[in-house]
> 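Structure incoming, see below.
By convention in this document, chain letters (A, B, ...) are assigned in the order of the sequence lines, proteins followed by strands, and residues within each chain are numbered from 1.
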Protein chains: 2
Amino acid sequence: MREVLDRIGDKWTVLVISTLGDRALRYSDLLASIPGISQRMLTLTLKALERDGLLVRQAYAEMPPRVEYELTDLGRSLQEAVLQLAQWAAGNHGAVASNRALHDRIGVGRAKSAAGGSRPAE
Amino acid sequence: MREVLDRIGDKWTVLVISTLGDRALRYSDLLASIPGISQRMLTLTLKALERDGLLVRQAYAEMPPRVEYELTDLGRSLQEAVLQLAQWAAGNHGAVASNRALHDRIGVGRAKSAAGGSRPAE
DNA sequence: CTGAATCCCATGGGATACTG
DNA sequence: CAGTATCCCATGGGATTCAG
């Protein structure tokens, strides 16, 4: 459990995994598709993922050079689990937001049930 | 997607969520059940989770004081998604470890297939 | 285009001590 | 017991620059 967190706990890892669907993407594609990520973080994240066998790096000796990254079967299996979280987020971030707003407005103590705010969507 | 990560991306949040099963736990229980967490981090994490309606805090005016934390329905729905990850970790951390070992030993470039190392378990 | 290397600062988070 | 407050350092990570 602790191990998965040292792997997933890093947000960039999750973003790369979820961005990399079933298709292979180039370095520059990933850089553009993940808003806010820096070259440094993308490179480090890709290396770590390749090291763990979650994705493979394919370099083509062309001009200009082209490098593609693609999830392995192992990586895709992790992606599925990650997608569960994404779906949860999509379905419940509204409830979370309203709970937060209520909690902040009322102050600590009385935020018991925000009109179904604490009930999951899915 | 980015929002879920600012919530899940923090390892302590995930550990608290997964530790808090269907039962309510006291502050000291959580502190003991989550190896490595500090008082500070536990407190901050609990506050954030309560704020978002993922758990409720129940204080009993006794001596000595007792405070229990329990997941809300919303929190439990998130926990299910988190458990998917935990199961993935349990089933595949071996494959990840062998991939990593192979990658480190061989050096970059040739770690193609570690005897099924890149194939998911579940 | 795909990186590697360096600089440097913000913050995450541990240790410790104090309070209700 | 259940926190809160403070100190303080390690690291995460952005910006920038250089290289193949």
> Are any of the side-chain heavy atoms of B:Trp12 and B:Ile17 separated by less than 4.5 Å?
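Not in contact.
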
> Verify the contact: side-chain N or O of B:Thr43 to OP1 or OP2 of D:dA2, cut-off strictly under 4.0 Å; return yes or no.
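For B:Thr43, the contact criterion (side-chain N or O under 4.0 Å from OP1 or OP2 of D:dA2) is not met.
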
> Which of the following nucleotides, D:dG13, C:dT2, C:dG13, is nearest to the side chain of B:Asp10?
C:dG13

> Taking CD from A:Glu68 and P from C:dC1, how many angstroms apart are they, rounded to a whole number?
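Between P of C:dC1 and CD of A:Glu68: 14 Å.
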
> Going by heavy atoms in the side chains, are B:Glu70 and B:Leu20 under 4.5 Å from each other?
no

> Quick one: B:Tyr60 OH to C:dG20 P, roughly how many Å, whole number?
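Interatomic distance, OH of B:Tyr60 to P of C:dG20: 25 Å.
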
> Starting from A:Val67, can I reach A:Val16 by hopping between I/L/V/M/F/W/Y residues whose side chains sit under 4.5 Å apart?
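Yes, same cluster.
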
> Polar pairs (N or O, both sides) under 3.5 Å between protein and nucleotides 6-10 of chain C?
none

> Is the closest basic N to carboxylate O distance between B:Arg51 and A:Asp104 below 4.0 Å?
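Result for this pair is yes, salt bridge flagged.
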
> When you get a sec, tell me which of C:dT2, C:dG13, D:dG3 is the closest nucleotide to the side chain of B:Tyr27?
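Taking heavy atoms from C-beta onward, the closest nucleotide is D:dG3.
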
> Please state how far atom CE in A:Met41 lies from atom P in D:dG12, giving the value in whole angstrom units.
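It works out to 8 Å between those atoms.
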
> If I take atom CG in residue B:Leu44 and atom C1' in nucleotide D:dA5, what distance separates them, rounded to the nearest angstrom?
12 Å

> In this structure, how many angstroms lie between the P atom of D:dG3 and the CZ atom of B:Arg66, rounded?
13 Å

> Picking from C:dC1, D:dC1, D:dA2, which would you name as closest to the side chain of B:Ser28?
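My answer, after comparing the listed nucleotides, is D:dA2.
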
> Is any side-chain N or O of A:Lys47 closer than 4.0 Å to OP1 or OP2 of C:dA4?
yes

> Measure the distance from CG on A:Leu31 to P on D:dA15 and round it to the nearest whole Å.
12 Å

> Strictly below 4.0 Å: does B:Arg26 bring a side-chain N or O up to OP1 or OP2 of D:dC1?
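It does not, given that no N or O in the side chain of B:Arg26 lies less than 4.0 Å from OP1 or OP2 of D:dC1.
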
> Evaluate B:Tyr27 against B:Gln39 for side chain to side chain contact (heavy atoms under 4.5 Å, CB included), listing each step before the verdict.
CA-CA 9 Å; B:Tyr27 183 85; B:Gln39 284 194 358; 3.6 Å; yes

> Under the salt bridge (charged side-chain N to carboxylate O under 4.0 Å, His left out) definition, can you give me all pairs with a residue in residues 38-48 of chain B, not counting sequence neighbours?
none

> Can you figure out which of D:dG14, C:dC1, D:dT4 approaches the side chain of A:Trp12 most closely?
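In terms of side-chain proximity for A:Trp12, the closest of D:dG14, C:dC1, D:dT4 is D:dG14.
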
> Taking it one step at a time, do A:Arg76 and A:Gln79 satisfy side chain to side chain contact (heavy atoms under 4.5 Å, CB included)?
CA-CA 5 Å; A:Arg76 264 185 286 272; A:Gln79 187 187 34; 4.0 Å; yes

> Please report, rounded to the nearest Å, how far the P atom of D:dG13 is from the CG atom of A:Leu42.
13 Å

> In whole Å, what is the span from the CG atom of A:Leu46 to the P atom of C:dT2?
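The distance from CG of A:Leu46 to P of C:dT2 comes to 11 Å, rounded to the nearest Å.
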
> Between the base of C:dA4 and the side chain of A:Gln39, is one N or O donor paired with an acceptor at under 3.5 angstrom?
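Answer yes: a donor N or O sits under 3.5 Å from an acceptor.
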
